[in-house]
Trainee: 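Sharing a structure, written as structure tokens. Questions coming.
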Amino acid sequence: HTAWPRVRVFINDVSLCGSIGLDVGCGNGKYLGLAQGFLIGSDISWNLLDICSRTRNYPVIASDCLKLPCRDESMDFCLCIAVIHHLSSWSRRQRAVEELCRVTRVYGRILIYVWAFEQIRGCEKSVYVKSKNELKLEESNHVKNPADNEFDALDSELQDEISCHGDGMLTLPIHTNRTEFTHQDIMVPFTVKHKIQLHIIMIVHRVERGLTQ
């Protein structure tokens with residue numbers, strides 16, 4: 001996955017030589033190599049941390065975003081990209097933000113990205129809901145858009161199969177890929193394509209504009 005352009009700009013602005021930062025929910029470490037200062041990765045997944053440390057030689061720590069193993073005001077900056085919307089309740093999402101504030105020094109900076117509920121602003125669609133034809137047209141016209149490559153979605157046939165043959169345990173709606181969101185709390189099916197193809201359903205909370213929840 002490539003670094004999101006605005007996240008790259010933020011890191012370039014705040015990571016001065018000698019600065020210390022924390023990437024909470026660093027995943028495979030795609031942002032850890034962008035900092036001029038010292039950027040530490042934090043994640044709850046041992047497999048992703050292994051990629052960061054052994055494959056890419058980045059400094060990482062295993063931790064829960066609700067209880068970071070850092071002293072108060074020990075970081076010059078923090079970033080938390082596409083993490084908080086995976087937490088199951090408002091109180092847990094609030095605690096995650098409070099932890100970021102706790103470990104960041106006074107006048108430090110924090111960047112938080114969450115998946116937005118609104119995917120159309122005015123008449124302009126987001127990259128996520130644009131059709132492949134629209135994206136190809138923009139690319140041919142040299143219009144630069146940050147690609148949302150976080151997940152490869154299940155095809156529509158498999159998604160219909162999940163919807164029709166669930167065992168009654170799924171009470172949240174299953175989202176149709178590349179469409180507008182109809183609920184804040186949804187299940188998003190996606191596929192991990194490696195040596196074998198894994199089909200996974202992920203629960204996410206979409207944040208509405210203007211709301212703290």
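The shown structure was predicted, so the numbers you read here are calculated from the model rather than taken from an experiment. Hydrogens, waters and symmetry mates are skipped; everything else that's a heavy atom, side chains included, is used.
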Trainee: In terms of hydrophobic clusters joined by side-chain contacts under 4.5 Å, are V24 and F38 together?
Mentor: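 Result: yes, single cluster for both.
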Trainee: Got a sec, which residues hit salt bridge (Lys or Arg N to Asp or Glu O under 4.0 Å) with R54, two or more places apart in sequence or on another chain?
Mentor: D50
Trainee: Return the set of residues passing side-chain contact (heavy atoms from CB on, under 4.5 Å) with R6 (not counting sequence neighbours), or none when no residue passes.
Mentor: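 For R6, the residues satisfying side-chain contact (heavy atoms from CB on, under 4.5 Å) (neighbours in sequence not counted) are Y113.
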Trainee: Quick one: name the residues clustered hydrophobically with L16, using the 4.5 Å side-chain heavy-atom rule over I, L, V, M, F, W, Y, and just say none if it's on its own.
Mentor: none
Trainee: Quick one: pull up CD1 in I20 and CG in D76 and give me the separation to the nearest 0.5 Å.
Mentor: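 It comes to 6.5 Å.
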Trainee: Can you sort out the partners of T104 under side-chain contact (heavy atoms from CB on, under 4.5 Å), two or more places apart, ordered by chain and number?
Mentor: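 For T104 the side-chain contact (heavy atoms from CB on, under 4.5 Å) partners, ignoring immediate neighbours, are C78, I110.
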Trainee: From K30 NZ over to C52 SG, what is the distance, rounded to the nearest 0.5 angstrom?
Mentor: 11.5 Å
Trainee: Looking at every heavy atom in both Q36 and N12, which two are closest together, and how far apart are they?
Mentor: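 So the minimum-distance heavy-atom pair works out to NE2-O, 4.0 Å.
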Trainee: Going by salt bridge (Lys or Arg N to Asp or Glu O under 4.0 Å), name the residues that satisfy it together with R109, two or more places apart in sequence or in a different chain.
Mentor: none
Trainee: What residue pairs, at least two apart or across chains, pass salt bridge (charged side-chain N to carboxylate O under 4.0 Å, His left out) with a residue in residues 35-48?
Mentor: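 For residues 35-48, and leaving out neighbouring residues, there are no salt bridge (charged side-chain N to carboxylate O under 4.0 Å, His left out) pairs at all.
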Trainee: Please check this pair: side chain of S53 against backbone of L49, looking for a donor-acceptor N/O pair closer than 3.5 Å.
Mentor: yes
Trainee: Please give me the minimum heavy-atom distance between R92 and S88, naming the atom from each residue.
Mentor: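 Where R92 meets S88 most closely, the heavy atoms are CD-OG, 3.4 Å.
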Trainee: Name all residues meeting the side-chain hydrogen bond (donor to acceptor under 3.5 Å, both in side chains) criterion together with S89; count only those two or more places apart in sequence or in a different chain, and write none if there are none.
Mentor: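 By the side-chain hydrogen bond (donor to acceptor under 3.5 Å, both in side chains) rule, S89 matches S91.
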Trainee: I'd like to check L22 versus L68 (side-chain heavy atoms, cut-off strictly below 4.5 Å). Are they in contact?
Mentor: yes
Trainee: Would you say that I112 contacts L79 through its side chain, given a criterion of any heavy-atom pair below 4.5 Å between the two side chains?
Mentor: no
Trainee: Considering non-hydrogen atoms only, spot the tightest contact between I61 and P69 and give its length.
Mentor: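 Taking every non-hydrogen atom into account, CD1-CG, 3.8 Å.
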Trainee: Do Y31 side-chain atoms and W4 backbone N/O form a donor-acceptor pair below 3.5 Å?
Mentor: yes
Trainee: With sequence neighbours left out, write down each residue that passes side-chain contact (heavy atoms from CB on, under 4.5 Å) with A96, or none if nothing qualifies.
Mentor: C65, L66, I84, L87
Trainee: Considering only residues two or more places apart or on different chains, which pairs with a residue in residues 58-68 satisfy side chain to side chain donor-acceptor pair (under 3.5 Å)?
Mentor: S42-S63
Trainee: Does one hydrophobic cluster hold both L48 and I81, with members joined at side-chain heavy-atom distances below 4.5 Å?
Mentor: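 Hydrophobic grouping puts L48 apart from I81.
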Trainee: Verify side chain to side chain contact (heavy atoms under 4.5 Å, CB included) between L111 and C80, making sure each step is shown before the conclusion.
Mentor: CA-CA 6 Å; L111 178 65; C80 186; over 6 Å; no
Trainee: Can you find a pair of side-chain heavy atoms, one from L32 and one from D23, that are under 4.5 Å apart?
Mentor: yes
Trainee: Measure across R56 and N28 and return the closest heavy-atom pair with its distance rounded to 0.1 Å.
Mentor: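 So the two residues come closest at NH1-O, 2.8 Å.
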Trainee: D72: which residues meet the side-chain hydrogen bond (donor to acceptor under 3.5 Å, both in side chains) condition with it, sequence neighbours left out?
Mentor: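 With sequence neighbours excluded, D72 shows a side-chain hydrogen bond (donor to acceptor under 3.5 Å, both in side chains) to R102, given in chain and number order.
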Trainee: Using the rule given for side chain to side chain contact (heavy atoms under 4.5 Å, CB included), can you reason through C70 versus M75, listing the C-alpha separation, both sets of side-chain angles and the distance that settles it, and then say yes or no?
Mentor: CA-CA 8 Å; C70 305; M75 299 294 163; 3.9 Å; yes
Trainee: V106: which other cluster members, linking ILVMFWY side chains closer than 4.5 Å, directly or transitively?
Mentor: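 ILVMFWY cluster around V106 also holds Y107.
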Trainee: When you group the ILVMFWY residues by side-chain heavy-atom contacts below 4.5 Å and let the links chain together, are I40 and L100 in the same group?
Mentor: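 Yes; I40 is reachable from L100 via cluster members.
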Trainee: Using a 4.5 Å cut-off on heavy atoms from C-beta on, say whether the side chain of L39 contacts that of F77.
Mentor: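 Yes, close enough: below the 4.5 Å cut-off.
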